[in-house]
K.L.:
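One structure is given below, represented as structure tokens, and several questions about it will come after.
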Amino acid sequence: MLNDQLKYSKEVRWALEAGTPIIALESTIISHGMPYPDNLATARECERVARECGAVPATCAILRGKAHIGLDEEQLDFLARERGNVVKASRRDIPVLIARGMNGATTVAATMILASLAGIRVFATGGVGGVHRGAERTMDISADLEELANTPVAVVCAGPKSILDLPLTLEYLETRGVPVIGYGTDEVPAFYTRNSGLKVDYRMDTPGEIAAVIRTQKLIGYNGGMLVVNPIPEEFSMDPAAIDSAIARACAEAEEKGVRGKELTPYLLTRVTELTGGQSLGANIALVLNNVKLAAAIAARI
Ligand code: PSU
Ligand code: MN
């Protein structure tokens, strides 16, 4: 991408020049994943924790048609408040938003694209998109999964949320050649809870082991990414029955209302937060920060 379209924050530019650790962060989680003002507080806290752990945060977004890698306070604030003026931007949206000079909050897929253009190999978030429940009828499969197959960025998440069909999501990742690496776990965590009954492809107990795989991908010119699943800290994990019933209800409501396409994931996230009386939001914030710490530790060892 031309430098004219790609804007780095000062901090990110220096880190790229100095070769010091950087982690990418997404912005759809700010604009469409959490309510205001918790979204802003979380975005700021993620950046603070990244720095505390020795990594420069590169929160990505498209602002007035420029792809930004690293945002300032004002830009974070804008994304957190102006949900209505910000497009949820995945792979397909990037060229249109740039051509039209629009604002877009980047999903996991779009953040991976910007991170990879900047040469950033590690990215922390909460949840990734996946194969939705009922996908055999709706074909609703997130573009995040294709990006993981094609773009060399390691995404640290807390496992697929059970608004998705977890077994189908893992099958899809297997087909597309994306390794699922469990950090300190043999089981794929299910975002709000630490267990899903499903096995990871590989368990790794140190950030260094994960960094070694990233270095190897680089060495052999491998184009795909990887999914690192990091269980929610025990003290924040939720009661499976409570979260399952909120998710089941949110999914049923979405179906009834005919919510589909890019609207579905934000709708489900909002309803689950409402139905759990905000309890799921606290868990979500805790796990994102936990993922930032792991991503920073991996980035330091690449
Ligand atoms: N899952 C979450 N929180 C989020 C998202 C997913 O728990 O904020 C966001 C991410 O930006 C992810 C996107 O990339 O939703 C996936 O949307 P879709 O399913 O429409 O591809
Ligand atoms: Mn979808």
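Because the structure is predicted, anything quoted here is derived from the model rather than measured. Whatever order the structure lists ligands and atoms in, that order sets their numbers, starting from 1.
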K.L.:
Would you say ligand 1 has an N or O under 3.5 Å from any N or O of Thr265?
P.N.:
yes

K.L.:
What residues, two or more places apart in sequence or in another chain, satisfy side chain to side chain contact (heavy atoms under 4.5 Å, CB included) together with Glu146?
P.N.:
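If we apply the side chain to side chain contact (heavy atoms under 4.5 Å, CB included) test to Glu146, skipping adjacent residues, the hits are Asn150, Tyr172, Arg176.
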
K.L.:
Nearest heavy atom to atom 16 (C) of ligand 1 wins, so pick from Thr107, Val155, Ile29, Asp144.
P.N.:
Asp144

K.L.:
So if you build clusters from Ile, Leu, Val, Met, Phe, Trp, Tyr with side-chain heavy-atom gaps below 4.5 Å, do Leu281 and Leu79 land together?
P.N.:
yes

K.L.:
Spell out, yes or no, whether Tyr183 and Ile214 are grouped together once hydrophobic residues are joined by side-chain heavy atoms under 4.5 Å, including indirect joins.
P.N.:
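Per the 4.5 Å side-chain linkage, Tyr183 and Ile214 are co-clustered.
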
K.L.:
I'd like the name of whichever of Lys88, Glu26, Lys262 reaches closest to atom 17 (O) of ligand 1 through any heavy atom.
P.N.:
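Closest candidate by heavy-atom distance is Lys88.
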
K.L.:
Closer than 4.0 angstrom: is that true for some heavy atom of His32 and an atom of ligand 1?
P.N.:
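Checking ligand 1 against His32, which is what was asked, there is no heavy-atom contact under 4.0 Å.
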
K.L.:
Kindly confirm or rule out an N or O of Val108 lying under 3.5 angstrom from an N or O of ligand 1.
P.N.:
yes

K.L.:
Does this structure show an ion pair linking Arg13 with Glu17, if we count only N-O contacts that are shorter than 4.0 Å?
P.N.:
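No, this pair does not count.
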
K.L.:
Which residue owns the protein heavy atom closest to atom 6 (C) of ligand 1, what's the atom, and how far is it?
P.N.:
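Protein heavy atom at minimum distance: Gly127 O, 3.6 Å.
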
K.L.:
So, Asp165 and Arg133, do they make that salt bridge, N to O below 4.0 Å?
P.N.:
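No.
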
K.L.:
Check each atom of ligand 1 against the heavy atoms of His132 and keep those under 4.0 Å away; list them by number with element.
P.N.:
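Result: 19 (O).
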
K.L.:
Look at atom 21 (O) of ligand 1 and say which protein heavy atom is nearest, naming residue and atom and giving the distance to 0.1 Å.
P.N.:
Ser142 OG, 2.7 Å

K.L.:
I'd like a table of donor-acceptor pairs (distance under 3.5 Å, sequence neighbours excluded) in which one partner is a side-chain atom from residues 103-132, with atom names and distances.
P.N.:
from: Asn103; atom 1: OD1; to: Arg64; atom 2: N; distance (Å): 2.9
from: Thr106; atom 1: OG1; to: Ser27; atom 2: OG; distance (Å): 3.3
from: Thr106; atom 1: OG1; to: Cys60; atom 2: O; distance (Å): 3.0
from: Thr106; atom 1: OG1; to: Thr111; atom 2: OG1; distance (Å): 2.8
from: Thr107; atom 1: OG1; to: Ala89; atom 2: O; distance (Å): 3.3
from: Thr107; atom 1: OG1; to: Ala109; atom 2: N; distance (Å): 3.3
from: Thr107; atom 1: OG1; to: Ala110; atom 2: N; distance (Å): 3.3
from: Thr111; atom 1: OG1; to: Thr106; atom 2: O; distance (Å): 3.4
from: Thr111; atom 1: OG1; to: Thr107; atom 2: O; distance (Å): 2.7
from: Arg121; atom 1: NE; to: Pro152; atom 2: O; distance (Å): 3.2
from: Thr125; atom 1: OG1; to: Glu26; atom 2: OE2; distance (Å): 2.5
from: His132; atom 1: NE2; to: Thr265; atom 2: OG1; distance (Å): 3.2

K.L.:
Find all atoms of ligand 1 within a distance of less than 4.0 Å from any non-hydrogen atom belonging to Lys161, and give their numbers and elements.
P.N.:
2 (C), 3 (N), 7 (O)

K.L.:
Before accepting this row, confirm whether a basic side-chain N of the pair Arg203/Glu209 lies closer than 4.0 Å to the acidic partner's carboxylate O.
P.N.:
no

K.L.:
What is the number of protein N, O or S atoms that sit under 2.8 Å away from the Mn ion (ligand 2)?
P.N.:
1

K.L.:
Does Thr106 approach ligand 1 within less than 4.0 angstrom via side chain, backbone, both or neither, non-hydrogen atoms only?
P.N.:
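Neither; no heavy atom under 4.0 Å.
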
K.L.:
Under 4.0 Å from a heavy atom of Phe191: give me the atoms of ligand 1 that qualify, with their elements.
P.N.:
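Going through ligand 1 atom by atom, the ones under 4.0 Å from Phe191 are 7 (O).
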
K.L.:
Scan residues 82-94 for pairs that pass salt bridge (charged side-chain N to carboxylate O under 4.0 Å, His left out), counting only residues two or more places apart or in two chains.
P.N.:
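Output for this query lists Arg91-Glu147.
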
